[in-house]
Amino acid sequence: MTHVPDEHDLHAYIDGRLEPARRTEVEAWLAHQPERLAELQAWQRDAQQLRAALAGAVPAPEPALDPARLRAGLARRRGARYAVAAAVLLSLGVGGIGGWQAREWSRPSAPALAASAPMADAIAAHRLFAARGELRADTAANDVQPWLDANFREPMRLPDLSAAGYRPVGARLLATDQGAAALVVYQHAGGDAISFYIRPPGPRHYMLPRGDRRDGGLLAQYWSRGGYNYAMVSAGDDASARVVRRALQAI
């Protein structure tokens with residue numbers, strides 16, 4: 001390889017934006033880097049979970065990334081280097097992730113998951129964009145509330161977490177089958193993140209009673225107001241949970 005792939009290379013690889021030659025180099029490197037491969041597998045799982053939650057259905061699992069698949073793909077591509085089909089011999093199941101551009105995803109309608117797993121998309125979005133610091137925001141921190149007001153009809157005011165040292169750092173627009181959703185990320189100086197999520201209630205106007213649920217070390221506290229479903233997702237420890245509860249008590 002000319003150089004070890006950096007984060008930009010890996011993101012571009014998952015996005016399907018690398019040139020064929022560089023993509024082959026990255027795949028060769030990943031085939032011998034189990035730790036980074038495991039990280040990409042986690043990105044793939046999170047993206048699939050978010051896509052399923054936004055669509056309201058669980059699709060068939062995408063092929064997982066693994067060293068054997070990478071090595072086999074490399075062998076196939078080397079054998080067909082000059083063939084017309086060389087560029088499409090190896091998909092690895094990652095092309096569909098599309099760089100986590102959730103606003104571009106489209107899936108057939110299916111029964112909503114709200115009753116069995118409230119705000120599953122809020123938790124998946126937090127894992128994918130907030131927990132890793134990979135928000136790629138659509139608006140700057142100081143414009144978050146006006147941005148929400150422009151994209152949603154009378155959304156609630158953003159909870160104030162400043163007393164606990166958390167401040168909004170940006171927001172990202174997502175999409176569900178029922179309409180626009182958005183994730184606002186708050187960050188602490190220490191690096192911890194809490195997210196605020198807003199989405200439409202769905203075709204049956206399914207509104208949520210105030211509640212919470214834990215999922216893989218995260219806590220989602222959710223409620224409905226003014227025609228939207230909301231959630232705040234934080235780490236599941238008591239201190240983080242208290243930060244969110246205090247903020248919600250004030251609104």
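Expressed to the nearest 0.5 Å, how far CD of Gln221 lies from OG of Ser240 amounts to 10.0 Å. In this structure, the separation between OH on Tyr197 and CG on Leu183 is 7.5 Å, given to the nearest 0.5 Å. A distance of 8.5 Å separates CD of Gln187 from CG of Asp192, quoted to the nearest 0.5 Å. From Asp215, atom CG reaches atom CZ of Arg127 across 4.5 Å, with rounding to the nearest 0.5 Å. How far CZ of Arg225 is from CD of Glu154: 12.5 Å, rounded to the nearest 0.5 Å. Separation of atoms CG (Leu148) and CG (Leu173) is listed at 9.5 Å; rounding is to 0.5 Å.
Between Pro200 and Thr176 the shortest side-chain heavy-atom distance falls below 4.5 Å. Counting only heavy atoms from C-beta outward, the side chains of Pro155 and Asp149 approach each other to under 4.5 Å. Side-chain contact between Arg22 and Pro5: present, with at least one pair of heavy atoms (C-beta onward) separated by less than 4.5 Å. At least one side-chain heavy atom of Phe196 sits under 4.5 Å from a side-chain heavy atom of Met156. The shortest distance between side-chain heavy atoms of Asn229 and Trp223 does not fall below 4.5 Å. With a 4.5 Å cut-off on side-chain heavy atoms, Arg213 and Pro118 count as touching.
Taking every heavy atom of both residues into account, Ala247 and Pro159 meet most closely at CB-CB, 4.1 Å. Closest heavy-atom contact between Arg214 and Gly236: NH1-O, 2.6 Å.
Cluster membership for Ile123 and Val243, using ILVMFWY side-chain heavy atoms within less than 4.5 angstrom, is not shared. A continuous path of hydrophobic side-chain contacts links Tyr228 to Val244 [ILVMFWY only; heavy atoms under 4.5 Å]. In the hydrophobic clustering of this structure, Tyr166 does not group with Val233; members are Ile, Leu, Val, Met, Phe, Trp, Tyr whose side-chain heavy atoms approach within less than 4.5 Å, directly or through other members. Residue Tyr186 is grouped with residue Val144 when hydrophobic side chains (ILVMFWY) are merged at heavy-atom distances under 4.5 angstrom, including chains of intermediate members.
Side chains of Arg199 and Gln178: a donor on one and an acceptor on the other come within 3.5 Å.
Two rings, from Tyr230 and Tyr222, have their centers 6.0 Å or more apart.
Between Phe152 and Trp147, the ring planes are perpendicular. Angles over 60° get that label, and only those under 30° would be called parallel.
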request  = Test salt bridge (charged side-chain N to carboxylate O under 4.0 Å, His left out) on Arg246 and Asp160 and set out the steps.
outcome  = CA-CA 9 Å; Arg246 289 195 194 104; Asp160 184 2; over 6 Å; no
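Environment of CZ in Arg157: crowded, with over 12 heavy atoms of neighbouring residues, nucleotides or ligands closer than 6.0 Å.
A donor-acceptor pair is defined here as one N or O able to donate and one able to accept, closer than 3.5 Å; such a pair exists between the side chain of Ser224 and the backbone of Leu208.
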